[in-house]
Amino acid sequence: MLQVAYIKQNTEEVKRKLAKKHFAETGLVDLIVAKDEERKSLTFRFDETKAKINAASKEIGGLMAKGQKEEAEGRKREVEALKAELQPVQQQLDEAEKAVHDLLIKLPNLPADAVPEGRTPADNEVVRTGGSKPELPAGAVPHWDLAKKYDLIDFELGNKITGSGFPVYKNRGARLQRALIQYFLDYNTAAGYTEFMPPLMVNEASAYGTGQLPDKEGQMYHATADNLYLIPTAEVPVTNIYRDTILKEAELPVKMTAYTPCFRREAGSYGKDVRGLNRLHQFDKVEIVQLVAAERSYEVLEEMVVHVEKLVQSLGLPYRILRLCGGDMGFASALTYDFEVYSAAQEKWLEISSVSNFESFQANRMKIRYKNNDGKTQLAHSLNGSSLALPRILACLLENNQTENGILLPPALQPYFGGEMI
RNA sequence: GGAAAGGUGCCAGAGCGGUCGAAUGGGACGGUCUCGAAAACCGUUGUAUGGGCAACUGUACCGAGGGUUCGAAUCCCUCCCUUUCCGCCA
């Protein structure tokens, strides 16, 4: 959520930046400014009247103590009148506050200057590429065939137990998942991230905090009997650890990592790219989250990108890093880098990580603040990224490393898996 | 699921319906002392939002939302949550 004060001071800039994100309703900006002015003057009137009432009530206390009953009664009638006067003001004030808030949460975060212009994924900017596309042996097949051939994943069984998009990993497929999770977590903790195992269900306040609610409600599985949501990413419970807290600047940066399954209803998913592991309702992911001082967030973003990049490199996968254009970015993000790896048999780039700086957008919703060294309290900046999402990594590992004798695992993974080949 | 208790500041923990933003203790921070540290002593230790150049000051906030009252942390109602005991159970 953007800060009203910022919007009021930089109205034109806000509109221009929203346009870059292809946010259509820039008229909301003027509405917010107007509503907030209304809120402010109502607040003034409310406070003024309330101050009179409080003062009079105090006097009544004194008069009663001295036994001056008639005087007290007189003051009481005055207060009654003031209260009648206050009542409609209070009502209007409540409405104005709610209106400002309801408008504010409709605005997406502003894109950073580095964000490329553009509307669709085709406009994303390739920042770097690495690795090289492998020469596949004759008769190379996509991962869903390999998964069957080596008995690693049973998609049909998942259909039976739950439904499509819930694969069952088995044998060395399950073992490889475990190895990847362990490897990713070790890699992250070695870089100073503290490991968490958070709840996989969150309450409304948490889902609101990271921006899943109110707009993206359809994306989450909702346990209505208890009003809890299955997490679409570890970002939700992990970032919410610090909801409503004021840190000391010395405590920053807060670096957290967590492995969790992620659940996505993907309500609006188009029937494309859904084969095999490409798009699932439940998948595993290791996430990294940082809370940092405002001045440092872009520096940290680059650090996180390099961190993820080295991890991808260690898996020996061909990859590219994209800077997302205004139209393709997420609602809450100010700058996002997507990582894609090349799935050689499908001949497709698959997104396996998204690293974003949210600046103070999430922190403002969650009230994550820090007291800086001058003693001033301000909003922290939050960042997160996948490090990494498992299914598509698995798909690439299988496809890119297939040989006639089996699948050769990258050296970094072998000790975790306990073998070289599948 | 049944029964009971309770939700107050960073934590613990007081709080006859009026002067309570809230005692006290601990912690943290600053200072005195010290070669340095500990101890001791002194001081500081809210958030949000208005007004003011500032000093300062108004308002709101004691789980959330309503209500009673001139006045609510204190009384009433609803909801949420926590703890303990019983039941069930990995």
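Please read all numbers here as calculations on a predicted model, not as lab measurements.
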Quiz item: Going by the angle between their ring planes, with limits at 30° and 60°, are A:Tyr183 and A:Tyr416 parallel, tilted or perpendicular?
Solution: tilted

Practice problem: Under 4.0 Å between any heavy atoms, over every strand shown, what does A:Ile53 touch: base, sugar-phosphate, or nothing? Just pick one. | Solution: nothing

Quiz item: When we call it a touch if two heavy atoms are under 4.0 Å apart, what does A:Glu59 touch: a base, just sugar-phosphate, or nothing?
Solution: nothing

Quiz item: Is the Lys NZ or Arg CZ of A:Arg172 less than 6.0 Å from the centre of A:Tyr150's six-membered ring, within 45° of the axis?
Solution: no

Exercise. State whether A:Phe417 and A:Arg175 meet the cation-pi test: NZ (Lys) or CZ (Arg) under 6.0 Å from the six-membered ring centroid, and within 45° of the perpendicular axis.
Key: yes

Quiz prompt | B:rG51 versus B:rU44 - spacing of their C1' atoms, nearest Å | solution = 27 Å

Exercise. Select base, sugar-phosphate, or nothing to describe what A:Lys367 touches, counting heavy atoms under 4.0 Å on all strands.
Key: nothing

Quiz item: Expressed as a whole number of Å, how far does the C1' atom of B:rA14 sit from that of B:rG25?
Solution: 11 Å

Quiz item: For B:rU32, what is the paired nucleotide under Watson-Crick or G-U wobble rules, both distances under 3.5 Å?
Solution: B:rA40

Quiz item: Is the phosphate of B:rU69, meaning OP1 or OP2, less than 4.0 Å from a side-chain N or O of A:Lys83?
Solution: no

Exercise. Please state the P separation for the pair B:rG46 and B:rU84 - nearest whole angstrom.
Key: 33 Å

Quiz prompt | Sugar-phosphate, base or nothing in reach of A:Arg77, heavy atoms under 4.0 Å | solution = nothing

Practice problem: Name the nucleic acid region contacted by A:Lys52, choosing base, sugar-phosphate or nothing; use a 4.0 angstrom heavy-atom cut-off, strictly under. | Solution: nothing

